[in-house]
Number of protein chains: 2
Amino acid sequence: MLMDTNNSLPTNSINKGSHSLGRLFLQLRRLERQPQTFGKAGSLTPSEIHTIEAIGCEGGILMNELATSLGVTKGAVSQLVVRLEAKQLVKRSSYPHDSRAVLISLTDKGKEAYKAHEEVHVQFYDQLRAQLSQQEIEIFEKCIDKLNEFLRK
Amino acid sequence: MLMDTNNSLPTNSINKGSHSLGRLFLQLRRLERQPQTFGKAGSLTPSEIHTIEAIGCEGGILMNELATSLGVTKGAVSQLVVRLEAKQLVKRSSYPHDSRAVLISLTDKGKEAYKAHEEVHVQFYDQLRAQLSQQEIEIFEKCIDKLNEFLRK
DNA sequence: CCAACAAGTTTAGGAACTAAACTATGCTCA
DNA sequence: TGAGCATAGTTTAGTTCCTAAACTTGTTGG
């Protein structure tokens with residue numbers, strides 16, 4: 001009865017890209033689950049390395065900012081920071097203007113992990129670039145940006 | 001002392017794409033966490049809808065196949081299937097050639113969820129396509145495929 | 001001064017796994 | 001044939017990564 005409620009269009013070609021994108025999501029989902037080792041920092045879970053990435057090498061960041069930047073609750077960040085502090089990748093310091101607030105920043109060891117992770121990203125991307133022409137890269141980046149903008153909504 | 005150990009290259013342009021890609025990962029990570037409602041099937045968690053997607057509308061699939069297709073252990077699939085069965089989206093039946101095996105297939109309600117989800121995907125992709133030229137789409141899809149291939153390793 | 005608010009922390013609980021033990025069936029070959 | 005091993009699924013205990021909600025402290029505007 002309801003076989004192919006999909007209507008009219010040459011669905012094949014449309015679905016092809018949608019399907020590739022679906023597979024990409026699945027791959028990333030899988031990838032984003034396994035811990036990795038970065039520099040001397042030892043094995044870090046995906047959340048941990050993302051947190052380090054979000055803190056950044058320069059200056060400190062408030063818990064609140066970190067939470068919105070990562071798109072999680074402040075409770076989640078609080079827990080993450082406890083773990084990272086225990087691993088000595090991150091340190092807390094007080095925020096001059098408001099004694100409730102806590103400034104989070106990377107320790108030297110944390111910065112090392114940051115750099116190592118960034119290095120992995122860049123190398124990965126370099127490998128991808130190596131298989132594409134200059135023009136393709138530009139278009140690809142444009143599309144990724146559009147996609148990002150799109151997902152933000 | 002160790003400011004910019006990154007060497008020589010015009011790092012900006014390289015990092016730009018790598019950074020966009022990083023943000024995409026984060027966005028997807030966030031997106032892949034919240035449940036959504038599909039058709040009359042009620043609210044489904046990301047894992048649930050992915051499982052339904054992997055089972056597919058035609059015929060049945062074995063637990064084992066499902067596990068490899070989703071990239072998780074059979075234990076994980078087993079648990080998922082219990083939940084989906086309780087929600088009456090999926091049914092088990094016996095596999096003629098091997099009485100140990102279990103064939104999983106979608107119920108009518110499950111198929112509805114499948115279609116609704118597929119519709120969301122296609123619409124999403126259509127919206128993206130609408131902002132790109134034909135040539136850009138082709139290149140984008142090519143890049144996505146390359147990326148997929150790349151992540152599989 | 002103090003009520004309302006804001007920054008973080010804590011706690012309980014759920015989702016989504018994994019690894020490993022377990023059950024039950026199927027296969028092989030001496 | 002049947003002992004031993006492999007294979008299909010299930011179960012269980014434990015982990016990670018969250019969230020929501022209650023709490024603790026500190027800030028601020030009437």
Side-chain angles (χ1 to χ4, degrees), chain A residues 25-36 42-55 60-87 90-105, chain B residues 25-36 42-55 60-87 90-105:
Chain A
F25 285 23
L26 256 187
Q27 299 260 27
L28 291 180
R29 184 184 172 74
R30 187 148 55 228
L31 199 142
E32 281 293 298
R33 237 183 284 130
Q34 31 206 165
Q36 264 189 275
S43 178
L44 298 179
T45 67
S47 288
E48 288 169 351
I49 196 62
H50 278 137
T51 305
I52 287 176
E53 191 182 5
I55 293 171
I61 184 172
L62 298 180
M63 283 292 198
N64 235 341
E65 298 169 346
L66 198 47
T68 49
S69 155
L70 288 171
V72 297
T73 61
K74 55 212 175 103
V77 173
S78 196
Q79 295 168 41
L80 244 341
V81 167
V82 167
R83 272 216 319 265
L84 289 174
E85 207 180 9
K87 290 188 178 183
V90 139
K91 59 177 184 284
R92 296 174 204 243
S93 42
S94 62
Y95 182 59
H97 310 305
D98 187 337
S99 69
R100 291 168 304 176
V102 179
L103 267 179
I104 309 298
S105 54
Chain B
F25 285 24
L26 255 187
Q27 300 259 26
L28 291 180
R29 185 183 171 74
R30 187 149 55 229
L31 200 141
E32 282 293 298
R33 234 184 286 129
Q34 31 206 165
Q36 264 188 275
S43 178
L44 298 180
T45 67
S47 288
E48 288 170 349
I49 196 61
H50 278 136
T51 305
I52 286 176
E53 192 182 6
I55 293 171
I61 184 172
L62 297 181
M63 283 293 199
N64 236 340
E65 297 169 346
L66 199 45
T68 48
S69 156
L70 288 171
V72 298
T73 62
K74 56 210 175 106
V77 173
S78 196
Q79 295 168 40
L80 245 339
V81 167
V82 167
R83 274 219 314 267
L84 290 174
E85 207 179 10
K87 290 188 178 184
V90 139
K91 61 176 186 286
R92 295 172 204 244
S93 43
S94 63
Y95 182 59
H97 310 304
D98 188 337
S99 68
R100 290 168 304 178
V102 179
L103 265 180
I104 309 298
S105 55

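Quick note on labels: first sequence line is chain A, next is B, and so on, each numbered from 1.
The CG-P distance, from B:Leu62 to D:dT7, rounds to 15 Å in whole Å. In this structure, B:Asn64 atom CG and D:dA8 atom P are separated by 5 Å, rounded to whole Å. The separation between B:Gln34 atom CD and C:dA16 atom P is 12 Å, rounded to whole Å. The CG atom of B:Leu70 sits 15 Å away from the C1' atom of C:dT18 (whole-angstrom rounding). Per the geometry, CD1 belonging to A:Ile61 stands 10 Å off P belonging to C:dG8, to the nearest Å. Rounded to whole Å, atom C1' of C:dA15 lies 13 Å from atom CD of B:Glu32. Atom NZ in B:Lys87 sits roughly 11 Å away from atom C1' in C:dA15 (whole-Å rounding).
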(request) For nucleotides 13-20 of chain D, just jot down a letter per nucleotide in 5' to 3' order: B, S or -, based on protein non-hydrogen atoms under 4.0 Å. (result) ----SBB-
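Two residues are said to be in side-chain contact when any heavy atoms from C-beta on lie closer than 4.5 Å; B:Pro35 and B:Leu44 fail this criterion. In this structure the side chain of B:Ile104 reaches within 4.5 angstrom of the side chain of B:Val81, judged on heavy atoms. Within the 4.5 Å cutoff, no side-chain heavy atoms of A:Met63 are placed close to those of A:Lys74. Looking at heavy atoms from C-beta onward, B:Pro46 lies out of side-chain contact with B:Gln34 at the 4.5 angstrom threshold.
Side-chain atoms of A:Ser94 and A:Arg100 form no donor-acceptor pair, as typed in the model, at a separation below 3.5 Å.
No side-chain donor-acceptor contact under 3.5 Å links A:Glu32 to the backbone of A:Arg29.
For the contact set between residues 91-104 of chain A and DNA chain D, defined by any heavy atom under 4.0 Å, the members are A:Asp98, A:Ser99, A:Arg100.
For B:Lys91 and B:Glu85, the salt-bridge test fails: no basic side-chain N is under 4.0 Å from an acidic carboxylate O.
Here the closest heavy-atom approach between residue B:Val77 and residue B:Leu70 is recorded as CG2-CD1, 4.4 Å.
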